[in-house]
Amino acid sequence: DKATMAAAQVVVGAAEEEHHQDAPRRAAVERQLEYYFSDRNYARDRYLRSLRGPDGVFKVGRLLDFPKLAHLLDDVDDEHHRAAVVLAAAASSPFLEPTHGGIRRVARTQPKEVVLDANALIRADAGQLASFCAACDAVWTLPEVIAEVRDAAL
(Lines give C-alpha, C1' and ligand atoms only; values in the text may rest on other atoms or scores of the structure.)
Protein backbone atom coordinates (compact mmCIF):
# COMPACT_ATOMS: atom_id res chain seq x y z
CA ASP A 1 0.00 0.00 0.00
CA LYS A 2 0.98 3.68 -0.26
CA ALA A 3 1.86 4.09 3.44
CA THR A 4 4.27 1.14 3.30
CA MET A 5 5.91 2.49 0.13
CA ALA A 6 6.30 5.94 1.71
CA ALA A 7 7.86 4.42 4.85
CA ALA A 8 10.27 2.37 2.73
CA GLN A 9 11.31 5.49 0.80
CA VAL A 10 12.02 7.31 4.09
CA VAL A 11 14.20 4.41 5.30
CA VAL A 12 16.09 4.25 1.99
CA GLY A 13 16.56 8.02 2.00
CA ALA A 14 17.89 7.94 5.58
CA ALA A 15 20.32 5.13 4.70
CA GLU A 16 21.59 7.06 1.66
CA GLU A 17 22.04 10.20 3.78
CA GLU A 18 23.95 8.23 6.44
CA HIS A 19 26.14 6.68 3.72
CA HIS A 20 26.86 10.16 2.30
CA GLN A 21 27.71 11.56 5.75
CA ASP A 22 30.07 8.63 6.40
CA ALA A 23 32.10 9.30 3.21
CA PRO A 24 34.55 11.82 4.76
CA ARG A 25 34.94 9.63 7.85
CA ARG A 26 35.49 6.55 5.68
CA ALA A 27 38.16 8.41 3.67
CA ALA A 28 39.96 9.45 6.88
CA VAL A 29 39.78 5.87 8.21
CA GLU A 30 41.14 4.60 4.88
CA ARG A 31 44.11 6.98 5.09
CA GLN A 32 44.82 5.88 8.67
CA LEU A 33 44.59 2.19 7.78
CA GLU A 34 46.85 2.69 4.78
CA TYR A 35 49.39 4.35 7.07
CA TYR A 36 49.21 1.50 9.62
CA PHE A 37 49.69 -1.11 6.89
CA SER A 38 52.20 0.82 4.76
CA ASP A 39 55.44 -1.06 4.08
CA ARG A 40 57.44 1.39 6.17
CA ASN A 41 55.16 1.40 9.25
CA TYR A 42 54.37 -2.32 9.09
CA ALA A 43 58.08 -3.15 9.12
CA ARG A 44 58.60 -1.06 12.26
CA ASP A 45 55.42 -1.85 14.19
CA ARG A 46 55.98 -5.10 16.07
CA TYR A 47 52.70 -4.74 17.93
CA LEU A 48 50.70 -4.47 14.71
CA ARG A 49 52.48 -7.48 13.24
CA SER A 50 51.73 -9.43 16.45
CA LEU A 51 48.00 -8.95 15.81
CA ARG A 52 48.22 -10.81 12.50
CA GLY A 53 46.39 -14.12 12.69
CA PRO A 54 47.78 -17.33 11.18
CA ASP A 55 45.58 -16.70 8.13
CA GLY A 56 47.09 -13.22 7.66
CA VAL A 57 43.95 -11.47 8.92
CA PHE A 58 43.91 -8.59 11.40
CA LYS A 59 40.67 -8.61 13.41
CA VAL A 60 38.75 -5.34 13.15
CA GLY A 61 37.94 -5.38 16.87
CA ARG A 62 41.65 -5.24 17.72
CA LEU A 63 42.26 -2.43 15.22
CA LEU A 64 39.43 -0.40 16.73
CA ASP A 65 41.52 -0.20 19.93
CA PHE A 66 44.21 1.84 18.13
CA PRO A 67 43.92 5.39 19.53
CA LYS A 68 43.96 7.31 16.23
CA LEU A 69 41.45 5.01 14.61
CA ALA A 70 39.26 5.10 17.73
CA HIS A 71 39.39 8.90 17.67
CA LEU A 72 38.18 8.98 14.06
CA LEU A 73 35.20 6.86 15.09
CA ASP A 74 34.57 8.24 18.58
CA ASP A 75 31.19 9.72 17.69
CA VAL A 76 29.91 6.38 16.33
CA ASP A 77 28.21 4.62 19.24
CA ASP A 78 27.42 1.29 17.62
CA GLU A 79 30.36 -1.15 17.48
CA HIS A 80 28.94 -2.86 14.39
CA HIS A 81 28.72 0.50 12.61
CA ARG A 82 32.37 1.28 13.54
CA ALA A 83 33.45 -2.10 12.20
CA ALA A 84 31.42 -1.53 9.02
CA VAL A 85 33.13 1.83 8.43
CA VAL A 86 36.56 0.20 8.86
CA LEU A 87 35.70 -2.65 6.49
CA ALA A 88 34.25 -0.20 3.93
CA ALA A 89 37.44 1.88 4.15
CA ALA A 90 39.54 -1.26 3.64
CA ALA A 91 37.40 -2.25 0.65
CA SER A 92 38.12 1.06 -1.09
CA SER A 93 41.89 0.74 -0.59
CA PRO A 94 44.02 -1.07 -3.17
CA PHE A 95 46.41 -2.06 -0.34
CA LEU A 96 43.89 -3.75 1.95
CA GLU A 97 41.48 -6.62 1.56
CA PRO A 98 38.44 -6.86 3.83
CA THR A 99 37.56 -10.34 5.04
CA HIS A 100 34.84 -11.61 7.32
CA GLY A 101 35.61 -9.76 10.55
CA GLY A 102 39.03 -8.55 9.56
CA ILE A 103 41.47 -7.01 7.14
CA ARG A 104 44.26 -8.62 5.18
CA ARG A 105 47.30 -6.60 4.15
CA VAL A 106 48.14 -6.53 0.45
CA ALA A 107 51.83 -5.84 -0.17
CA ARG A 108 52.44 -2.55 -1.95
CA THR A 109 55.65 -3.76 -3.52
CA GLN A 110 56.12 -7.17 -4.96
CA PRO A 111 59.18 -8.74 -3.36
CA LYS A 112 61.82 -9.77 -5.83
CA GLU A 113 62.61 -13.41 -6.16
CA VAL A 114 66.07 -13.25 -4.66
CA VAL A 115 68.06 -15.85 -2.80
CA LEU A 116 69.25 -14.37 0.48
CA ASP A 117 72.26 -15.67 2.37
CA ALA A 118 70.65 -17.55 5.26
CA ASN A 119 73.79 -17.14 7.36
CA ALA A 120 73.59 -13.37 6.90
CA LEU A 121 70.01 -13.45 8.17
CA ILE A 122 70.91 -15.64 11.12
CA ARG A 123 73.86 -13.43 12.06
CA ALA A 124 71.84 -10.32 11.11
CA ASP A 125 74.85 -9.30 9.03
CA ALA A 126 73.92 -5.68 8.48
CA GLY A 127 76.44 -5.16 5.68
CA GLN A 128 75.17 -8.00 3.51
CA LEU A 129 71.53 -7.21 4.19
CA ALA A 130 72.08 -3.50 3.56
CA SER A 131 73.62 -4.30 0.17
CA PHE A 132 70.51 -6.35 -0.60
CA CYS A 133 68.34 -3.36 0.36
CA ALA A 134 70.36 -1.15 -1.97
CA ALA A 135 69.91 -3.62 -4.83
CA CYS A 136 66.11 -3.54 -4.59
CA ASP A 137 64.21 -1.35 -7.02
CA ALA A 138 62.14 -0.07 -4.12
CA VAL A 139 63.94 1.68 -1.31
CA TRP A 140 63.78 -0.76 1.57
CA THR A 141 65.36 -0.33 4.94
CA LEU A 142 66.98 -3.18 6.81
CA PRO A 143 63.99 -3.58 9.19
CA GLU A 144 61.65 -3.73 6.17
CA VAL A 145 63.69 -6.53 4.59
CA ILE A 146 63.72 -8.47 7.84
CA ALA A 147 59.95 -7.98 8.26
CA GLU A 148 59.38 -9.14 4.67
CA VAL A 149 61.48 -12.26 5.28
CA ARG A 150 59.52 -12.96 8.50
CA ASP A 151 56.20 -12.56 6.68
CA ALA A 152 57.35 -14.84 3.86
CA ALA A 153 58.30 -17.50 6.39
CA LEU A 154 54.77 -17.57 7.87
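The basis for the numbers below is simple: all heavy atoms, side chains too, and nothing from hydrogens, waters or symmetry mates. Bear in mind that the values here come from a model prediction, so they are computed numbers and not experimental data.
A salt bridge between Asp39 and Arg105 is present, with a side-chain N of the basic residue lying under 4.0 Å from a carboxylate O of the acidic one. A salt bridge links Arg25 with Asp75: at least one charged nitrogen is closer than 4.0 Å to a carboxylate oxygen.
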- Message: Run Arg49 and Tyr42 through side chain to side chain contact (heavy atoms under 4.5 Å, CB included) and show every step you take.
- Response: CA-CA 7 Å; Arg49 289 194 316 271; Tyr42 186 75; 3.5 Å; yes
- Determine, stepwise, if the pair Leu63 / Leu48 fulfils side chain to side chain contact (heavy atoms under 4.5 Å, CB included). CA-CA 9 Å; Leu63 297 173; Leu48 177 61; 4.1 Å; yes
- Task: Evaluate the side chain to side chain contact (heavy atoms under 4.5 Å, CB included) criterion for residues Tyr36 and Lys68: first the C-alpha distance (whole Å), next the side-chain angles of each, then the deciding distance (0.1 Å), finally the verdict.
- Result: CA-CA 10 Å; Tyr36 288 152; Lys68 289 185 180 178; 3.5 Å; yes
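Here NE2 of His81 is found 13.0 Å from CD of Glu79. Values are rounded to the nearest 0.5 Å. Distance check: His100 NE2 to Lys59 NZ gives 7.5 Å after rounding to the nearest 0.5 Å. Here the straight-line distance linking atom CG of Leu33 with atom CG of Leu69 works out to 5.5 Å at 0.5 Å rounding.
For the pair Ile103/Glu97, no side-chain contact is recorded, criterion being any heavy-atom separation below 4.5 Å from C-beta on. At least one side-chain heavy atom of Glu34 sits under 4.5 Å from a side-chain heavy atom of Pro94.
Hydrophobic clustering keeps Leu96 apart from Val57 (ILVMFWY residues linked when any side-chain heavy atoms are closer than 4.5 Å, directly or through intermediates).
Here the closest non-hydrogen pair linking Leu87 and Thr99 is CD2-O, 3.9 Å. The heavy-atom pair separating Arg82 from Leu73 by the smallest distance is CD-O, 3.7 Å.
Ring pair Phe37/Phe95: centre-to-centre distance not below 6.0 Å.
Between the side chain of Ser92 and the main chain of Ala89, a donor-acceptor pair closer than 3.5 Å is present.
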